[in-house]
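None of the values given here were measured: they were computed from a predicted structure. Throughout, a chain's letter reflects where its sequence line sits, starting with A, and its residues are numbered from 1.
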Amino acid sequence: MSTLGTPTPLAVVEENIPNEKQRRRGARTIRIRGSRPGWIVYALLTVVFATGAFPLWWSFVIGSGDASSLRRPFTWIPGGNFWTNAASVVTNPAVNFWPALWNSIYSSFLIAAAVVITSTLAGWAFAKLKFHGGAALLVFVVATMAVPQQLGVVPLYILFAELGWTGQIGAIIIPALTSAFGVFWMTQYLRQAVPDELIEAARVDGASMLRTFWTVGVTAARPAAAMLFLFTFVGAWNNFFWPFIVLDRQNPTLPVALSLLQSNYFVDYSIVLAGVILATIPLLLLFIFAGKQLVSGIMAGAVKG
Amino acid sequence: MTTTASRPETRAQTPEEPRQPRVISFSHRLSKWDLKISPYLYISPFFIMFAIVGLFPIAYTAVISFMDWDLVRNSGTFIGFDQYIWILTQPHFWTALRNTFSIFLLSSIPQLILAIFIAAVLDRNIRAKTFWRMSVLLPFVVAPVAVGLIFTAIFADNFGLVNTWLGNLGLPGIQWHKDPFWSHVAIATMVNYRWTGYNALILLAAMQAVNRDYYEAATVDGAGPVRQFFSITMPSLRPTLIFVIITSTIGGLQIFDEPRVFDQFGRGGAGQQWLTITLYLYDIGWGQWNFGRAAAMAWILFVIILLIGLVNLLITRSLVRDEGLRRELTKRQEKELARQAKKDLKEAV
């Protein structure tokens with residue numbers, strides 16, 4: 001049972017280079033791939049990192065200036081107006097910043113939680129239970145991943161208009177409660193993480209299907225579920241097209257609220273970019289705490305994908 | 001009589017013995033039932049929701065696309081392929097198609113090259129691996145709308161950062177919002193900013209799966225890092241590359257967020273310089289409120305994505321077939337060589 005608690009490595013095996021290096025230390029002069037690279041590699045990585053971080057820093061610099069800060073020569077140093085600009089973003093009646101923030105938080109959370117639950121259930125069935133049509137249904141689910149979002153928006157809009165839900169946050173939560181990618185992800189993970197013998201053993205011991213799912217499946221699925229939660233959360237938080245269509249301007253999510261910031265003829269970029277930074281902070285915090293998991297999630301998903 | 005009296009007793013006893021398991025067999029039957037039904041119960045939450053908000057809308061989009069939809073009555077009259085013909089005869093549609101492909105190519109090609117390069121650097125045995133991997137992923141968490149707004153300011157025509165720098169170098173500024181090509185470059189830059197690191201990590205995962213012994217052998221044979229990259233790394237990346245190309249195609253052809261916020265009007269520019277297919281779909285559906293045409297547009301977009309997917313598949317297959325052919329050829333050559341060797345032997349004898 002102890003093996004269940006620890007996350008099983010999926011496919012990416014961290015190479016045991018320190019050991020190899022120790023073994024070879026001083027024995028060879030030829031540089032093999034496992035040896036430590038020179039400073040050029042770190043310089044290149046620093047450039048890549050700077051390219052990624054620079055636009056964020058620059059928008060903070062502009063966002064902390066005043067209306068003319070974009071016209072002034074480039075500077076690295078932020079001005080002192082960030083809080084003034086941020087205040088004018090959150091008090092702007094056209095933007096509805098606080099409702100937007102709250103909408104984004106709870107809708108993304110509900111969507112991610114629901115996707116994890118439905119995907120874990122379905123993934124368990126596809127990976128470990130035998131039933132008629134299982135393989136065909138899984139192929140079907142994977143095939144739908146290529147269907148563009150745009151193919152469903154017109155009838156969905158009509159449906160929610162009929163229900164009187166346009167403008168309601170429920171209209172963006174309900175369609176996102178399931179994810180074909182999530183089912184595929186969970187199926188792939190559980191197939192590798194749980195040996196069939198373990199399920200057979202549980203069955204022989206008289207555990208019901210639900211109990212087997214709960215004690216064996218859910219326990220094993222935890223690391224993959226955490227990653228699926230993170231990815232779904234980020235995806236739901238950043239989603240724009242459908243919320244932009246179905247929500248009204250009084251009750252937006254953060255990306256929709258952001259897009260409203262520059263809907264005037266005269267655009268004050270110090271305010272717009274202060275709003276961008278303000279709206280990006282929650283996900284930056286999430287990234288600082290969970291970036292490691294996001295990285296390993298991408299690396300694991302890639303090999304299986 | 002005594003024998004007949006004793007007989008029912010034994011009879012009663014013998015059925016009683018299997019009856020005891022039969023008491024257990026109720027739970028046994030239950031568990032059999034459990035075994036049969038449970039899988040369907042587990043997949044049902046997904047499929048029920050999926051049918052309502054995923055499958056039904058797709059089918060219904062097809063129905064609506066053949067209709068002249070009336071928003072007041074909320075129903076339509078059947079008009080056949082008229083909506084499709086209307087869209088395909090709009091010059092805006094062809095402009096949008098051109099723009100979408102142009103932005104897609106400008107984003108995916110440099111992005112892939114950069115991603116492979118970054119992945120190759122990350123694949124070295126660097127210190128603080130996790131930190132560098134995370135730093136590459138940073139742009140991925142920034143919302144596309146936020147990226148769009150930041151780069152719209154960077155690429156502003158008059159006081160944008162890039163044009164200011166160009167001015168400092170004594171170069172004329174670029175008309176990012178007037179010239180179609182440069183507007184595509186600006187939007188493609190936004191896409192590249194957000195996705196390059198993500199794709200680099202996917203490719204890095206594939207690189208790490210390559211057996212390290214190959215590199216060691218190549219090093220011993222005297223192959224440099226560049227030669228090793230093109231002879232070992234690239235060939236083994238092929239399936240992952242195709243996966244990345246297909247996913248970025250599906251995403252790239254649907255581009256909406258970045259061009260939508262590229263100016264304050266969100267209509268793809270005064271001369272449709274950066275109008276994309278999805279932007280056009282939005283305008284038809286929720287700008288002109290014509291749902292029949294928007295639905296037809298959605299189906300056209302889907303067909304385009306399918307066609308590109310098919311092209312990708314053909315490329316994949318031809319690549320695989322290539323390898324097969326090569327192997328076949330070498331086998332044939334081997335046979336030929338063997339025959340030649342036999343001939344030589346006979347002649348020698």
S.K.: Pick one of side chain, backbone, both or neither for A:L294, based on which atoms fall under 4.5 Å of a heavy atom in chain B.
M.R.: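 Contact with chain B is through both the backbone and side chain of A:L294.
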S.K.: Do B:L138 and A:L284 come within less than 4.5 Å of each other through their side chains, counting heavy atoms only?
M.R.: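 Yes, their side chains come closer than 4.5 Å.
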S.K.: Below 4.5 Å, heavy-atom pairs only: which of B:M297, B:Q254, B:R260 has the largest tally toward chain A?
M.R.: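 Of the options given, most contacts go to B:Q254.
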S.K.: Mind ranking B:I305, B:I52, B:V141, B:L281 by heavy-atom pairs under 4.5 Å with chain A and telling me who comes out on top?
M.R.: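 Among B:I305, B:I52, B:V141, B:L281, the one with the most close pairs to chain A is B:V141.
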S.K.: Heavy-atom distances under 4.5 Å only: say whether A:T51 touches chain B with side chain, backbone, both or neither.
M.R.: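 Looking at A:T51, just its backbone touches chain B.
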S.K.: Does the side chain of A:V272 come within less than 4.5 Å of B:T152's, by heavy atoms?
M.R.: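 No; the side chains remain at least 4.5 Å from each other.
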S.K.: Pick one of side chain, backbone, both or neither for A:V153, based on which atoms fall under 4.5 Å of a heavy atom in chain B.
M.R.: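 A:V153 touches chain B through backbone and side-chain heavy atoms alike.
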S.K.: Side chain from CB out, backbone as N, CA, C, O: work out which of these in A:I277 comes under 4.5 Å of a heavy atom of chain B, or both, or neither.
M.R.: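 Neither part, no heavy atoms under 4.5 Å.
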S.K.: Between B:I154 and chain A, which part of the residue has a heavy atom less than 4.5 Å away: side chain, backbone, both or neither?
M.R.: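 Looking at B:I154, backbone and side chain both touch chain A.
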S.K.: Indicate the ring-plane relationship of A:F241 and B:Y282, choosing parallel, tilted or perpendicular according to the 30° and 60° boundaries.
M.R.: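 The rings of A:F241 and B:Y282 stand perpendicular, inter-plane angle above 60°.
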S.K.: Short question: side chain of B:Y42, backbone of A:L210 - any donor-acceptor pair under 3.5 Å?
M.R.: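 Yes, because the side chain of B:Y42 sits within donor-acceptor range (under 3.5 Å) of the backbone of A:L210.
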S.K.: Could you go step by step and tell me if B:F46 and A:T120 meet the side-chain contact (heavy atoms from CB on, under 4.5 Å) rule?
M.R.: CA-CA 10 Å; B:F46 172 80; A:T120 310; over 6 Å; no
S.K.: Taking A:Q150 for its side chain and B:T278 for its backbone only, find out whether a donor-acceptor pair lies under 3.5 Å.
M.R.: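 Here the side-chain-to-backbone pair does not exist.
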S.K.: Does some side-chain heavy atom of B:M49 sit less than 4.5 Å from a side-chain heavy atom of A:T118?
M.R.: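 A side-chain contact under 4.5 Å is absent here.
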S.K.: For chain A, find which of B:V261, B:I250, B:L137, B:I277 contributes the most heavy-atom pairs closer than 4.5 angstrom.
M.R.: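 When all of B:V261, B:I250, B:L137, B:I277 are compared, B:L137 has the most.
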S.K.: Decide yes or no for A:P155 and B:I64: does some side-chain heavy atom of the first lie under 4.5 Å from some side-chain heavy atom of the second?
M.R.: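 Contact flag for A:P155/B:I64 side chains = yes.
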S.K.: Give the member of B:L161, B:L114, B:V142 that has the highest number of heavy-atom pairs under 4.5 Å with chain A.
M.R.: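 With the most close heavy-atom pairs to chain A, the winner is B:L161.
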S.K.: Classify the ring geometry of B:F256 against A:F244: parallel below 30°, tilted from 30° to 60°, perpendicular beyond 60°.
M.R.: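 B:F256 vs A:F244 ring planes: tilted.
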S.K.: Quick one: CD1 on B:I118 to CG on A:L45, what's the gap to the nearest 0.5 Å?
M.R.: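 Rounded to the nearest 0.5 Å, the CD1-CG separation comes out at 8.5 Å.
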S.K.: Considering only heavy atoms from C-beta outward, does the side chain of B:Y40 approach that of A:H132 to under 4.5 Å?
M.R.: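 In contact.
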S.K.: Assert yes or no for the condition that the ring centre distance of B:F291 to A:Y157 is strictly below 6.0 Å.
M.R.: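 Between A:Y157 and B:F291, which both carry aromatic rings, the centre distance is below 6.0 Å.
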S.K.: Tell me, for B:T130 versus chain A, whether the close heavy atoms (under 4.5 Å) come from the side chain, the backbone, both or neither.
M.R.: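 The answer is the side chain of B:T130.
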S.K.: Side chain, backbone, both or neither: which part of B:I150 has a non-hydrogen atom closer than 4.5 Å to chain A?
M.R.: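 Both the backbone and the side chain of B:I150 come within 4.5 Å of chain A.
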S.K.: Specify whether B:F47 and A:F140 have parallel, tilted or perpendicular ring planes, treating 30° as the upper limit for parallel and 60° as the lower limit for perpendicular.
M.R.: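 The rings of B:F47 and A:F140 lie parallel, inter-plane angle below 30°.
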S.K.: Would you indicate whether the side-chain heavy atoms of B:F50 and A:V183 approach each other to under 4.5 Å?
M.R.: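 No - every pair of side-chain heavy atoms lies 4.5 Å or more apart.
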S.K.: Nearest 0.5 Å, what's the CG-CG distance between A:L129 and B:L41?
M.R.: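 These two atoms lie 11.0 Å from each other.
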